[in-house]
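Worksheet: one structure, shown below.
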Amino acid sequence: MPGTDVSALLVRPCPDPKFGDYQCNALMSLAKERRMNPRQLAADVLARLDVSEWCEKAELAGAGFINFRLRTSALAQALQSAARAAHPIVQTAKPPRTIVIDFSSPNVAKPMHVGHIRSTILGDCLARTLRLLGHRVITDNHIGDWGTQFGMLLVGWKTVLDRAALATDALGELERVYRLVSPQCDEERPEFNPRVRDRARLELVKLQQGDAENLGIWREMIALSQVQFDTIYARLGVQFDHALGESFYNPRLKAVVEELRARGIARDSEGAVCVFSDGSLPPKDDPFLIHKDGAWAPNPCLIQKSDGGFNYATTDLATLAHRLETWRPDEIIYVTDGRQQLHFRQLFATFRRWHPEAKVKLAHVWFGSILGEDGRPFKTRAGETVKLADLLDEAEERAFQLVTRLRPELSEAKRREIARVVGIGAVKYADLLPNRQSDYLFSWDRMLALEGNTAPYLLYAYTRTQSLARKARESGVSAGDVSELKLGALEEIALAKHLLNFGLVLEAVGEEYRPNFLCNYLYELAGLLSRFWEGCPVLKSADPERSSRLRLSELTGAVLKQGLEVLGLETTDQM
RNA sequence: GCAUCCGUAGCUCAAUUGGAUAGAGCAUCUGACUACGGAUCAGAAGGUUCCAGGUUCAACUCCUGGCGGAUGCGCCA
């Protein structure tokens with residue numbers, strides 16, 4: 001049945017509706033494999049295919065495409081049955097998989113900034129998508145709560161902390177303290193002070209050895225940061241199943257290094273412990289090799305520093321092992337920026353050698369950076385990184401101005417509520433719309449525009465479905481049973497066909513980790529809905545049509561709402 | 001220097017991973033409707049997909065070589 005098992009037939013929606021509704025092009029690559037004439041093969045298959053029950057037409061075209069045109073009756077029937085699912089037009093995955101998603105990962109004692117927004121929003125969207133598709137999703141926030149920065153923070157806490165400032169703006173004060181101490185520990189900076197650096201190292205060692213005072217301060221810094229994280233995640237509507245920070249893995253790090261060394265995967269080098277190439281991969285694909293001066297040179301992955309300390313790679317290996325033992329996932333997804341590609345290639349390769357039997361799929365879902373309107377990395381006018389809390393404030397404020405301009409008659413409380421949904425939604429939508437791998441330009445004007453592929457446009461389309469339904473109820477018109485869907489006008493048919501593809505788009509988002517597919521789908525859906533309303537009067541029409549059209553409008557509203565929810569956007573019934 | 005990613009309409013971005021005549025929005029120009037919620041809809045114009053080769057039925061997509069940009073390359077995460 002179209003819309004349900006089309007992927008089994010290797011067909012997909014036609015790129016251009018004038019060719020048909022669905023097309024099969026898989027036969028052409030099959031023909032190439034078998035060195036056959038593609039058009040002949042397609043003709044043979046077509047001759048044996050009987051799809052007359054669903055299709056008014058199935059024809060051979062071009063170099064070997066088979067195009068299918070659905071019967072309108074079959075379309076209505078397919079849509080009706082798909083709409084009866086627990087989540088309309090969503091088919092749950094046949095074998096549900098266990099998928100761990102690692103995203104957001106803010107640092108303790110530092111304000112969350114724009115650098116965290118893409119990971120947070122993208123990771124949350126993938127979690128929502130895969131859950132809706134029926135998978136068992138486990139979200140884990142790998143918080144940066146351990147490492148060298150705590151040596152410096154402890155020095156600052158003990159020497160220059162302003163208690164009053166800590167009480168009013170904890171993160172601001174911690175940031176100030178860190179900025180005061182950090183340059184003094186950096187040999188390359190003019191502020192460098194070897195006594196401060198040595199003190200920082202000492203405080204870090206004491207912390208790592210379990211010194212009671214330092215542990216107490218460390219815990220307080222975590223608690224203060226957690227308040228900030230909770231506030232931001234609540235505003236964004238993001239939830240985690242676990243938040244196992246780096247410190248959680250600290251007790252395991254030594255054993256990881258010992259095991260890798262004992263197994264010959266890692267060895268000592270210049271006082272550090274490193275993983276080198278084992279020659280099992282072609283040099284071009286080997287993350288432990290680098291092309292230098294015309295030859296392949298070692299590009300090792302450090303898992304223990306020469307001072308005995310552990311680093312990012314060590315923690316990530318321990319984390320991977322823990323996740324595998326604890327949750328037995330089929331897949332682990334890491335959502336980080338593109339600069340960490342080499343790190344993850346080395347991490348995954350090291351892990352494969354460590355656990356060659358593991359079947360888990362490891363995916364590094366990376367994204368580009370956010371640029372300001374000048375094309376440079378996104379900063380405040382003063383050149384500072386933009387804090388996430390400030391960004392969300394501004395989004396809500398700008399949306400409030402917009403709502404106030406358009407709907408001055410609404411109460412302030414109502415306008416504030418709409419502005420919250422629209423403002424936060426606009427930030428999220430602007431982040432999910434571009435292909436994640438490209439850098440994108442941050443623009444308030446574009447993300448809050450009323451026309452075009454924006455959150456306000458989609459949210460507005462949804463509110464129209466709700467107000468139409470409200471008006472229908474008030475005038476006593478029934479929405480009609482699903483079984484009464486009658487598709488006549490071209491606009492109705494086009495809308496119905498697009499609705500039917502919702503599940504396929506969700507699957508593509510989950511497979512390719514690309515929410516922009518869903519953004520574009522919803523934008524097209526909203527456009528088709530507007531055209532449908534333009535061409536097909538609903539409440540003004542007579543009854544067999546009226547209830548069917550009302551039903552089609554409501555179904556579109558339900559899909560819009562579900563789609564926006566998967567993207568992490570709230571909806572509102574009034575705008 | 002080497003590696004990864006990117007280069008598409010004036011601007012911002014798509015293109016279901018090798019499929020049919022490369023699509024949207026903004027900006028520009030034109031049109032519809034005293035509106036079942038106009039924050040609407042329809043139309044026009046805009047392209048040598050950075051350049052040069054190659055692979056095949058088919059290339060924005062893959063390969064080779066350039067040009068331009070971002071990022072990363074041994075003790076940060």
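If you check A39(B), G74(B), U17(B) against the side chain of Glu512(A), the one that comes closest is U17(B). The nucleotide whose nearest atom lies closest to any side-chain atom of Val538(A) is, among U17(B), C36(B), G74(B), C36(B). For Glu451(A), the side-chain atoms get nearest to C26(B) when compared with the rest of A39(B), G19(B), C26(B). Side-chain atoms of Ala272(A) lie closest to C75(B) of the nucleotides C75(B), A39(B), A42(B). Closest to the side chain of Ala61(A), from the set A24(B), A14(B), A20(B), is A20(B). Closest to the Tyr523(A) side chain, of the nucleotides U21(B), G25(B), G19(B), is G25(B). For Glu270(A), counting side-chain heavy atoms from C-beta on, the closest listed nucleotide (C76(B), C75(B), A20(B)) is C75(B). Comparing atom distances between the Arg376(A) side chain and each of A39(B), A70(B), U71(B) picks out A70(B) as nearest. Among the nucleotides C57(B), C41(B), C36(B), the one closest to the side chain of Glu534(A) is C41(B). Of the listed nucleotides (G19(B), U16(B), G37(B)), U16(B) has the atom at the smallest distance from the side chain of Pro15(A).
OP1 or OP2 of C41(B) has at least one side-chain nitrogen or oxygen of Tyr457(A) nearer than 4.0 Å. Close to C76(B), at under 4.0 Å from its OP1 or OP2, lies no side-chain N or O of Asn107(A). When the side-chain nitrogen and oxygen atoms of Ser530(A) are compared with OP1 and OP2 of C41(B), one or more of them lie within a distance under 4.0 Å. Contact annotation: Lys305(A) side-chain N/O to G74(B) OP1/OP2 distance is not under 4.0 Å. Under 4.0 angstrom from either OP1 or OP2 of A20(B) there lies no side-chain N or O belonging to Asn67(A). Phosphate contact (OP1/OP2 of G7(B), side-chain N/O of Ser438(A), threshold under 4.0 Å): absent. For U16(B), the OP1/OP2 oxygens have no side-chain nitrogen or oxygen of Arg514(A) closer than 4.0 Å.
Across all strands shown, Leu302(A) has heavy atoms under 4.0 Å from base atoms, whether or not it also approaches the sugar-phosphate. If you check every strand for non-hydrogen atoms under 4.0 Å, Arg407(A) touches a base. Note on Ala31(A): nothing from the nucleic acid sits closer than 4.0 angstrom, heavy atoms only. Within the nucleic acid shown, Ala63(A) comes within 4.0 Å of at least one base atom, counting heavy atoms only. Heavy atoms of Cys274(A) sit under 4.0 angstrom from at least one base atom. Backbone-only engagement by Asn520(A) is indicated by non-hydrogen atom pairs under 4.0 Å involving sugar-phosphate atoms exclusively. Phe65(A) comes within contact range of at least one nucleobase, with a heavy-atom separation under 4.0 Å. Using a 4.0 Å heavy-atom cutoff across all strands shown, Pro434(A) reaches sugar-phosphate atoms only and no base atom. As judged by a 4.0 angstrom heavy-atom cut-off over every strand, Cys519(A) is placed among residues making no nucleic acid contact. Heavy atoms of Lys110(A) sit nowhere under 4.0 angstrom from any nucleic acid atom. Nucleic acid contact class of Arg405(A) (heavy atoms, under 4.0 Å, all strands): none. Asn516(A) comes within 4.0 angstrom of the backbone, heavy atoms only, and of no base.
Looking at Arg12(A), its side chain has no donor and acceptor atom pair within 3.5 Å of the base of G19(B). Between the side chain of Ser306(A) and the base of G74(B), no donor-acceptor pair under 3.5 Å is found.
Other residues, nucleotides and ligands contribute only 12 or fewer heavy atoms inside 6.0 Å of the CG atom of Leu490(A).
Pairing for U8(B) is absent, judged as Watson-Crick or G-U wobble with the two contacts each under 3.5 Å. Under the Watson-Crick and G-U wobble criteria, each requiring two contacts below 3.5 Å, nucleotide C62(B) is paired to G54(B). Base pairing analysis places U48(B) opposite nothing; no Watson-Crick or G-U wobble pair with both distances below 3.5 Å involves it. Across all strands shown, the partner of G1(B) is C73(B), judged by Watson-Crick or G-U wobble contacts whose two distances both fall under 3.5 Å. Remark: C41(B) base-pairs with G31(B). Criterion, Watson-Crick or G-U wobble with two distances under 3.5 Å.
For the pair Arg197(A) and Phe192(A), the cation does not sit on the ring face, since its NZ or CZ is not both under 6.0 Å from the ring centre and inside 45° of the axis.
Relative ring orientation between His142(A) and Tyr249(A) is described as tilted, the plane-to-plane angle lying within the 30° to 60° band. Between Tyr334(A) and Phe348(A), the two ring planes are tilted [angle within 30° to 60°].
Here Phe19(A) packs flat against the base of A20(B); its ring centre is closer than 5.5 angstrom to the base's six-membered ring, tilted by less than 30 degrees.
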Test Arg470(A) against Glu474(A) for salt bridge (Lys or Arg N to Asp or Glu O under 4.0 Å), laying out the working first. CA-CA 6 Å; Arg470(A) 221 169 21 238; Glu474(A) 281 163 13; 5.0 Å; no
Let's go through Leu133(A) and Glu507(A) carefully: what are the C-alpha distance in whole Å and the side-chain angles of both, what is the deciding distance for side chain to side chain contact (heavy atoms under 4.5 Å, CB included) to 0.1 Å, and is it a yes or a no? CA-CA 7 Å; Leu133(A) 289 171; Glu507(A) 281 171 31; 4.2 Å; yes
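Asp145(A) places a side-chain N or O within 3.5 Å of a backbone atom of Glu246(A) that can act as its donor or acceptor partner.
Taking 90° from 0 as the syn/anti boundary, the base of U17(B) is oriented syn.
Regarding Leu448(A), its CG atom lies at a distance of 15 Å from the P atom of C26(B), rounded to whole Å.
When each of Leu539(A) and Phe310(A) is assigned the nucleotide of RNA chain B with its nearest heavy atom, Leu539(A) is the one assigned upstream, toward the 5' end. Ranked by how close their nearest RNA chain B nucleotide is to the 5' end, Val422(A) and Asp307(A) are led by Val422(A).
Taking the C1' atom of each, A15(B) and A24(B) are spaced 10 Å apart, rounded to whole Å.
Smallest separation of non-hydrogen atoms from Val11(A) and Phe68(A): CG1-CE1, 3.7 Å.
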